[in-house]
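The structure appears right after this line, and notes come after that.
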Amino acid sequence: MNKDIFLLNSLGGKKEKFNPIDKKKVGMYVCGPTVYDDPHIGNARPLVVFDLLFKVLKCKYGNKSVTYVRNITDIDDKIIQSSKKKNISITELTTSVTTKFHNDCNYLNCEVPTYEPKATDNIELMVKMIKELIKNEFAYENEKHVYFKVKKYEDYGKLSNKNIDDLIAGSRVELSDNKENPGDFVLWKPSIDDEPSWDSPWGRGRPGWHLECSVMSKKYLGNTFDIHGGGRDLIFPHHENEIAQSVCANRTQSFANYWVHNGFITMSKEKMAKSQGNILKISDFKKKYNGQILRLALISAHYSQPLDWNDKLMDECQKTLNKWYGCYVKVNKKVLIDDEDLKPLYDDLNTPGYIAVLHKLYDKAKGGRQEDKEIFTTACKFIGLLDQTKEEWNSFKEQNLKLSESEILKKINERNEARNKKNYELADKIRNDLLDKGILIEDKDGKTTWKIK
RNA sequence: GGUAACGUGGCGGAAUGGUUACGCAGAGGAUUGCAAAUCCUUGUAUCCCGGUUCGAUUCCGGGCGUUACCUCCA
């Protein structure tokens with residue numbers, strides 16, 4: 001469609017019209033997981049949010065014109081610690097967490113990104129970038145460590161609205177005698193004992209955090225690209241450091257033109273985070289809830305706002321999808337969604353606004369016209385909802401059923417006999433018993449049907 | 001301490017310099033033996049104090065409150 005896309009750019013803090021560098025090569029880089037532990041609901045938010053942005057960009061610029069890169073960080077101190085704690089090898093840990101991560105993405109109905117590079121496959125390029133930084137005098141070696149010289153880069157702190165002196169005054173940065181300045185961050189560090197290591201001009205070691213994103217975005221999207229995404233908590237230091245490294249190594253004016261950051265999932269209004277110990281793993285929901293329910297819940301607030309996670313939210317979303325499946329139809333032809341209906345998504349990914357549109361389309365679809373149902377279903381599918389058939393949706397619910405179908409039908413017969421005898425007390429008891437087991441009875445047009453609550 | 005974000009009806013949650021968000025819950029009705037589900041109808045809101053303005057919930061300033069980042073974090 002011809003409408004413009006607007007994005008809230010963290011670099012500057014204003015909503016801006018999105019102008020790609022090249023309409024035929026739109027690039028988006030999103031920080032993926034560090035694979036040291038099972039993904040949780042907080043991790044799920046950027047997965048869904050940027051999956052949606054990917055869809056919106058493709059809608060505007062064409063499927064082949066958008067490149068979505070999401071990294072997998074498979075070397076990091078947390079990984080080393082976690083593998084020691086779990087007493088398994090690094091590879092064993094990273095491959096198993098990566099597999100879980102992919103399963104979770106699939107569960108949430110997220111598309112596979114165009115590229116999903118691993119940090120360990122790109123160490124050479126990281127070494128190369130460090131060499132470049134040293135050559136440009138933005139980095140220095142000391143005791144087998146290489147550090148980035150924060151004071152040398154004058155725009156340091158621009159993204160996060162910080163100035164270096166304040167940071168140091170806060171004295172919460174890691175102090176080290178090796179550093180010229182406490183704010184400097186590590187680009188390369190030596191590995192000890194059996195820690196994973198690679199050869200480098202500074203001895204066997206491994207890269208610092210931040211570096212993989214600078215290197216892999218460059219590899220797939222170039223020195224300067226359109227959109228960089230991630231969680232709010234990555235703004236500092238991670239994204240600030242990425243910018244510093246990339247701009248100073250590549251000698252460019254800018255790194256990513258638009259920075260998009262999602263807000264946090266909270267539990268009782270407090271940030272859900274591993275360090276807080278209040279996380280809910282994505283996999284914990286798989287048995288009880290269809291992934292679409294989580295997906296809807298995750299986009300029920302605007303991506304930039306905090307979203308409080310609780311059972312009521314899940315119940316509401318489940319209810320909504322149950323209702324919406326009432327108007328689901330199989331769509332075999334291409335159905336166009338009205339520009340006006342897509343508008344909220346183009347306007348900084350306003351998902352609550354789009355959900356309101358879906359409710360409106362549902363109201364129209366329930367009038368019964370096939371065409372309206374096709375439009376409604378297509379509009380839902382655009383954001384990855386109602387992507388399963390009605391049968392799949394229902395059969396998911398049946399997998400947790402405690403009664404067999406024949407048992408249910410038997411109970412229904414018993415109840416109908418009681419009703420014929422006007423023994424309503426017994427009839428109601430049977431109905432309530434079934435309801436306790438999650439079976440909902442509906443008497444309609446003289447027939448009794450059942451479904452899962 | 002420094003830097004930000006947020007404060008909308010019972011709850012969740014958009015938008016907006018003057019006009020209906022939307023959903024859930026509630027109320028009334030249709031239907032039903034009673035329900036459920038579904039359908040129809042419907043009430044309720046912009047933290048406080050100033051300023052700009054014909055007019056502010058929206059812009060500006062101050063206050064109060066909540067949260068986050070400044071250390072690993074999506």
Side-chain angles (χ1 to χ4, degrees), chain A residues 8 10 13 30-34 36-37 39-50 76-78 81 157 160-175 183 209 229-238 240 261-266 268-276 279 296-308 310 312-313 315-317 319-320 322-323 326 344 347-348 350-360 362-363 366-367 418-420 422-425 427-428 431-432 434-435 439-446 448-451 453:
Chain A
L8 176 65
S10 305
V30 176
C31 287
T34 299
Y36 71 103
D37 209 351
H40 61 80
I41 294 294
N43 304 115
R45 194 172 194 190
L47 295 178
V48 171
V49 164
F50 293 104
D76 177 85
D77 286 0
K78 292 191 295 292
Q81 283 163 20
S160 53
N161 293 305
K162 296 184 191 306
N163 73 67
I164 306 170
D165 296 329
D166 284 347
L167 289 174
I168 296 158
S171 78
R172 294 174 97 164
V173 285
E174 187 194 344
L175 293 168
W209 182 27
R232 282 203 96 78
D233 46 0
L234 296 179
I235 293 175
F236 190 90
H238 186 55
E240 198 70 70
H261 290 105
N262 63 271
F264 302 126
I265 300 287
T266 59
S268 307
K269 306 282 178 194
E270 279 187 7
K271 182 185 174 187
M272 182 187 288
K274 279 162 189 163
S275 52
Q276 303 265 29
I279 58 161
L296 180 57
L298 286 165
I299 59 173
S300 64
H302 188 257
Y303 75 84
S304 67
Q305 297 301 121
L307 171 63
D308 205 54
N310 52 57
K312 196 185 169 218
L313 175 66
D315 289 345
E316 278 187 21
C317 291
K319 214 171 185 175
T320 299
N322 260 330
K323 193 173 86 171
D347 185 11
D348 196 29
N350 182 355
T351 49
Y354 190 71
I355 290 169
V357 167
L358 292 178
H359 281 294
K360 186 195 78 182
Y362 170 82
D363 283 341
K366 77 191 174 192
R419 289 172 75 206
N420 288 336
K422 298 208 190 294
N423 184 354
Y424 294 121
E425 205 178 321
D428 289 350
R431 184 176 62 204
N432 288 332
L434 284 172
L435 191 62
I439 310 297
L440 208 66
I441 298 291
E442 293 176 18
D443 299 320
K444 208 169 155 188
D445 303 329
T448 302
T449 56
W450 65 277
K451 63 182 182 187
K453 194 179 162 189

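Chain letters run A, B, ... following the sequence lines, proteins first and then strands; every chain starts at 1.
Between A/Leu296 and A/Ile355, the closest side-chain pair of non-hydrogen atoms falls below 4.5 Å.
When heavy atoms are screened at a 4.0 angstrom cut-off, A/Lys422 is found touching no nucleic acid atom at all. Contact annotation for A/Leu313: no contact, since no heavy-atom pair falls under 4.0 Å across all strands. Among the heavy atoms of the strands lying under 4.0 Å from A/Gly42 is at least one base atom, whether or not backbone atoms are also near. Using a 4.0 Å heavy-atom criterion, one finds that A/His302 contacts the sugar-phosphate atoms exclusively. Using a 4.0 Å heavy-atom cutoff across all strands shown, A/Ala301 reaches sugar-phosphate atoms only and no base atom. Counting any heavy atom pair closer than 4.0 Å across all strands shown, A/Thr266 reaches no nucleic acid atom. Residue-level contact check: A/Gly263 touches the bases, meaning some heavy atom is under 4.0 Å from a base atom. A/Lys451 comes within contact range of the sugar-phosphate backbone alone, with a heavy-atom separation under 4.0 Å but no base atom that close. Among the atoms of the strands shown, none is found under 4.0 Å from any heavy atom of A/Thr34. Within 4.0 Å (heavy atoms only), A/Lys360 reaches no atom of the nucleic acid at all.
Shown are A/Leu313, A/Thr266, A/Ile265; of these, the side-chain contact (heavy atoms from CB on, under 4.5 Å) with A/Asp308 is made only by A/Thr266.
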For nucleotides 17-21 of chain B, list the nitrogen or oxygen atoms of the protein found under 3.5 Å from its nitrogen or oxygen atoms, one pair per line.
none

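Listed nucleotides: B/A15, B/C72, B/A4. Nearest to the side chain of A/Asn350: B/A15. For A/Arg232, taking side-chain heavy atoms from C-beta onward, the closest of the listed nucleotides B/A4, B/A74, B/A37 is B/A4. Distance from the side chain of A/Ser275 is smallest for B/C72 among the nucleotides B/C72, B/C24, B/G33. Nearest to the side-chain atoms of A/Lys162 among the listed nucleotides B/G23, B/A4, B/G2 stands B/G2. Between B/U38, B/A74, B/A68, one nucleotide has an atom nearer to the side chain of A/Leu234 than all others, and that is B/A74. With B/C39, B/C22, B/A74 as the candidates, the nucleotide lying closest to the side chain of A/Tyr362 is B/C39. You'll find that the side chain of A/Glu270 is closest to B/A68, out of B/A68, B/A25, B/A74. When distances are taken from the side chain of A/Arg431 to each of B/G23, B/C34, B/A74, the shortest belongs to B/C34. Here the nucleotide nearest the side chain of A/Lys271, chosen from B/C69, B/C22, B/C24, is B/C69. Side-chain atoms of A/Asp233 lie closest to B/A74 of the nucleotides B/G33, B/A14, B/A74.
Applying the 4.0 Å criterion to OP1 and OP2 of B/U3, one finds that A/Asn161 has every side-chain N and O outside that range. The side chain of A/Lys269 places no N or O atom within less than 4.0 Å of a non-bridging phosphate oxygen (OP1 or OP2) of B/A68.
Atom name P, nucleotides B/A36 and B/U31: the rounded distance is 15 Å, in whole Å. Distance check on atom C1': B/G51 versus B/G29 gives 50 Å, rounded to whole Å. Taking atom P in both B/C47 and B/A21, the straight-line distance is 16 Å, to the nearest Å.
Between the NE2 atom of A/His261 and the C1' atom of B/C6 there is a distance of 18 Å, rounded to whole Å. Between the P atom of B/A35 and the CD atom of A/Glu425 lies a distance of 16 Å, rounded to the nearest Å. Rounded to a whole Å, the NZ atom of A/Lys323 is 11 Å from the C1' atom of B/C39. We find that CD1 of A/Ile355 is positioned 13 Å from C1' of B/C24, with the value rounded to whole Å. The separation between A/Glu240 atom CD and B/U3 atom C1' is 12 Å, rounded to whole Å. Between the NZ atom of A/Lys312 and the P atom of B/G23 there is a distance of 14 Å, given to the nearest Å. As a whole-Å value, the separation of A/Leu435 CG from B/A35 P is 15 Å. Atom pair A/Asn43:CG and B/C72:C1' shows a separation of 13 Å (rounding to whole Å applied).
Considering CG of A/Asn262 and CG of A/Leu8, their distance stands at 12.0 Å, rounded to 0.5 Å.
For A/Asp443 against B/C34, a side-chain-to-base donor-acceptor contact under 3.5 Å is present. No hydrogens or angles were tested; on distance alone, a donor-acceptor pair under 3.5 Å links the side chain of A/Asp428 to the base of B/G33.
Both distances falling under 3.5 Å, in either a Watson-Crick or a G-U wobble arrangement, occur for no nucleotide opposite B/U52. Pairing for B/A27 goes to B/U41, judged as Watson-Crick or G-U wobble with the two contacts each under 3.5 Å. Across all strands shown, B/U57 has no partner, as no Watson-Crick or G-U wobble contact with both distances under 3.5 Å is found. Summarising the base pairing, B/A15 is matched to no nucleotide, lacking a Watson-Crick or G-U wobble pair whose two defining distances lie under 3.5 Å. The pairing partner recorded for B/U3 is B/A68, the criterion being a Watson-Crick or G-U wobble arrangement whose two distances lie under 3.5 angstrom.
Of the two residues near RNA chain B, A/Tyr303 and A/Asn322, the one whose nearest nucleotide lies more 5' is A/Tyr303. Along RNA chain B, the nucleotide nearest A/Ser160 and the nucleotide nearest A/Pro33 are compared for position; the residue whose nucleotide lies closer to the 5' end is A/Ser160.
Applying the 5.5 angstrom centroid cut-off and the 30 degree plane-angle cut-off, the aromatic ring of A/Tyr424 is stacked upon the base of B/G33.
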